[in-house]
There are 2 protein chains.
Amino acid sequence: MEYTINKLAKMAGVSTRTLRFYDEIGLLTPARISSNGYRIYGPKETDRLQQILFYRELGVPLEEIKKILSSDDFDELAALESHLSAMLARRNQLDLLIANVEKTIRAAKGEMIMSDMEKFEGFKKKLVDENEQKYGREIREKYGDEAVDRSNAKFMGMSREQYAEFEKLTAEFHETLKAAYEQGDPAGELAQKACELHKKWLCFSWGEYSREAHIGVTQMYVEDPRFTAYFDRIAPGCAPFLRDAVQIYCR
Amino acid sequence: MEYTINKLAKMAGVSTRTLRFYDEIGLLTPARISSNGYRIYGPKETDRLQQILFYRELGVPLEEIKKILSSDDFDELAALESHLSAMLARRNQLDLLIANVEKTIRAAKGEMIMSDMEKFEGFKKKLVDENEQKYGREIREKYGDEAVDRSNAKFMGMSREQYAEFEKLTAEFHETLKAAYEQGDPAGELAQKACELHKKWLCFSWGEYSREAHIGVTQMYVEDPRFTAYFDRIAPGCAPFLRDAVQIYCR
DNA sequence: TGTTGACATTAACGTTACGTCATAGTTTAT
DNA sequence: ATAAACTATGACGTAACGTTAATGTCAACA
């Protein structure tokens with residue numbers, strides 16, 4: 001089935017200006033130009049527009065979309081599965097924000113106290129994770145870690161070097177925590193070093209560091225299954241260990 | 001608690017450039033400027049930034065956000081509840097897109113056939129509903145229907161007049177369908193008029209009209225609970241009636 | 001105290017993804 | 001035949017920042 005520009009635009013929920021722009025930048029070229037000079041779009045273009053809109057929905061810049069769709073090894077099914085994964089993640093992040101609004105409503109009603117940091121729960125993590133999902137593994141493999149890391153760094157307001165430092169610190173913290181946990185002494189030198197690294201790690205995002213908050217966040221790691229699962233991937237069961245170590249560190 | 005610009009930016013997941021820009025446009029003014037010329041943000045500004053980010057998350061333009069937050073009758077609790085409502089709707093719309101991706105995956109695997117129109121399910125409706133949720137009732141009441149309708153029309157690629165016509169047609173179709181259903185004759189003059197109006201209504205979004213598609217979409221109204229619920233609000237049980245009438249109309 | 005790196009300022013240019021308007025040719029419906 | 005709808009290209013403008021340059025201030029360390 002073929003469409004003129006207005007028909008396709010209406011069906012897809014975009015403007016004709018958008019479609020002309022996409023033609024102009026080579027993102028979506030019509031199947032042919034009819035004798036009167038009109039753009040005619042076919043089934044191939046219709047499907048391509050759908051893919052474009054999925055990527056656009058996920059916030060992928062148009063130039064990136066163009067690269068992805070135009071590469072020789074573009075795999076439609078893999079892309080669709082990647083969109084599904086990204087959209088499910090988007091929904092999870094939206095859940096975080098919904099929880100934040102709900103919590104803020106309760107705070108506004110005086111039912112609870114909310115820290116300044118909690119007030120922004122979901123915005124920052126959303127940014128980093130959103131970016132990761134937008135690009136996904138497919139993009140990392142295609143364009144390399146550098147492009148993705150640069151983008152992540154941008155979102156976190158860091159330079160590329162700072163971000164690399166952050167990642168290095170993360171890795172060091174994980175290694176040290178694992179080693180300390182295997183050693184088994186929360187008061188030991190290794191565990192206290194892990195606490196120091198954890199403090200540095202936290203300070204990459206926190207506006208203010210406090211001992212109470214440090215203790216509190218490690219308690220949260222134990223109580224919230226999402227965080228426990230995160231730490232279980234470092235070493236199963238190490239979240240309570242970290243909490244114990246931090247309690248000693250902060251005393 | 002007070003923050004300098006970098007501290008607040010980091011905590012909130014925005015750039016310092018963003019905060020300076022917001023200061024420049026009067027959206028978020030620091031609590032004070034310290035003796036060295038630095039911006040200092042306090043609790044009031046922290047809360048305001050949270051509200052800004054919620055609105056931004058919902059796609060509200062910054063100038064609109066500024067108007068909303070600065071009006072004398074801004075009600076924080078009501079705004080938060082509006083955000084919650086909007087975000088729940090966003091999640092619902094995301095569900096539509098997720099369903100679309102899943103369906104497209106099945107189509108790509110050859111498990112089903114998908115119409116061109118179905119391929120864009122969720123994009124167009126999302127746009128209109130997203131806009132409605134962004135502004136919500138609060139905004140309609142504050143700035144009037146005109147601003148919202150203008151915005152809706154923009155999203156649907158229609159002029160304001162076309163959009164008004166569309167809404168009028170929608171209302172007429174609903175009234176006629178209700179009346180025809182109460183009359184009870186799918187072949188009757190009133191029912192066939194409803195079918196004609198329904199055809200016009202569909203043609204506002206469809207690139208191509210066909211009798212088969214018309215019959216098919218009314219069948220979908222009967223089979224898909226979301227659509228049945230939509231039509232039940234017009235008159236309970238009228239979706240099968242419309243299907244029967246359209247089958248006669250298209251014969 | 002001096003030095004260096006981090007933090008902060010303002011100014012200004014650039015980017016992305018279109019929206020809007022003007023002008024003019026083509027198609028469709030009456 | 002005529003008017004309305006559809007289509008084209010060209011061009012200016014916009015929102016929301018990102019990036020870079022130049023420079024002052026603060027904090028930590030030797």
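A note on names: the letters A, B, ... follow the listed sequences, proteins ahead of strands, and every chain is numbered from 1. Not measured: the values here are computed from a predicted model.
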Short side-chain N/O contact from Thr18(A) to OP1 or OP2 of dA17(C), under 4.0 Å: no
Specify the residue among Asn36(B) and Leu62(B) whose closest nucleotide of DNA chain D lies further upstream toward the 5′ end. Leu62(B)
Can a side-chain donor-acceptor contact be found between Ser82(B) and Ser85(B) if the only test is distance below 3.5 angstrom? no
Just to confirm, is there a sub-4.0 Å distance from OP1 or OP2 of dT9(C) to any side-chain nitrogen or oxygen of Arg20(B)? yes
Do Gln192(B) side-chain atoms and Ala245(B) backbone N/O form a donor-acceptor pair below 3.5 Å? yes
I need the NZ-C1' distance between Lys66(B) and dA15(D), as an integer number of Å. 14 Å
Counting only distance, no hydrogens or angles, is the base of dT9(C) paired donor-acceptor with the side chain of Arg39(B) under 3.5 Å? no
The side chain of Ile5(A) lies closest to which of these nucleotides: dT7(D), dA11(D), dC17(D)? dT7(D)
Nearest 0.5 angstrom please: Lys119(A) NZ to Met11(B) CE, how far? 8.5 Å
Take the protein atom CZ of Phe21(A) and the nucleotide atom C1' of dT9(D), then report the distance between them rounded to whole Å. 16 Å
Distance in angstrom units between Leu27(A) CG and dA17(C) P, rounded: 9 Å
Heavy-atom donor-acceptor pair, Tyr38(B) side-chain to dC7(C) base, under 3.5 Å: yes
Please report the distance, rounded to the nearest Å, between CD1 in Ile65(A) and C1' in dT16(C). 12 Å
Figure out the CD1/P separation between Ile33(B) and dT10(C), and round it to whole Å. 7 Å
d(OH, Tyr41(B); C1', dC7(C)) in whole Å: 14 Å
Rounding to an integer number of Å, can you tell me how far Tyr3(A) OH sits from dT7(D) C1'? 19 Å
How long is the span from the CG atom in Leu58(B) to the NE2 atom in His83(B), to the nearest 0.5 Å? 7.0 Å
Return yes if a side-chain donor-acceptor contact under 3.5 Å exists between Thr4(A) and Asn6(A), otherwise no. no
Would you say Ser15(B) places a side-chain N or O within less than 4.0 Å of OP1 or OP2 belonging to dC17(D)? no
Can you check whether Asn6(A) has a side-chain N or O nearer than 4.0 Å to OP1 or OP2 of dT7(D)? yes
Can you check whether Arg17(A) has a side-chain N or O nearer than 4.0 Å to OP1 or OP2 of dA11(D)? no
Does Tyr22(A) make a side-chain N or O approach to OP1 or OP2 of dC18(C) shorter than 4.0 Å? yes
Rounded to whole angstroms, how far apart are CG on Asp23(A) and P on dT7(D)? 14 Å
State whether Thr4(A) places a side-chain N or O below 4.0 Å from either non-bridging phosphate oxygen (OP1 or OP2) of dT7(D). yes
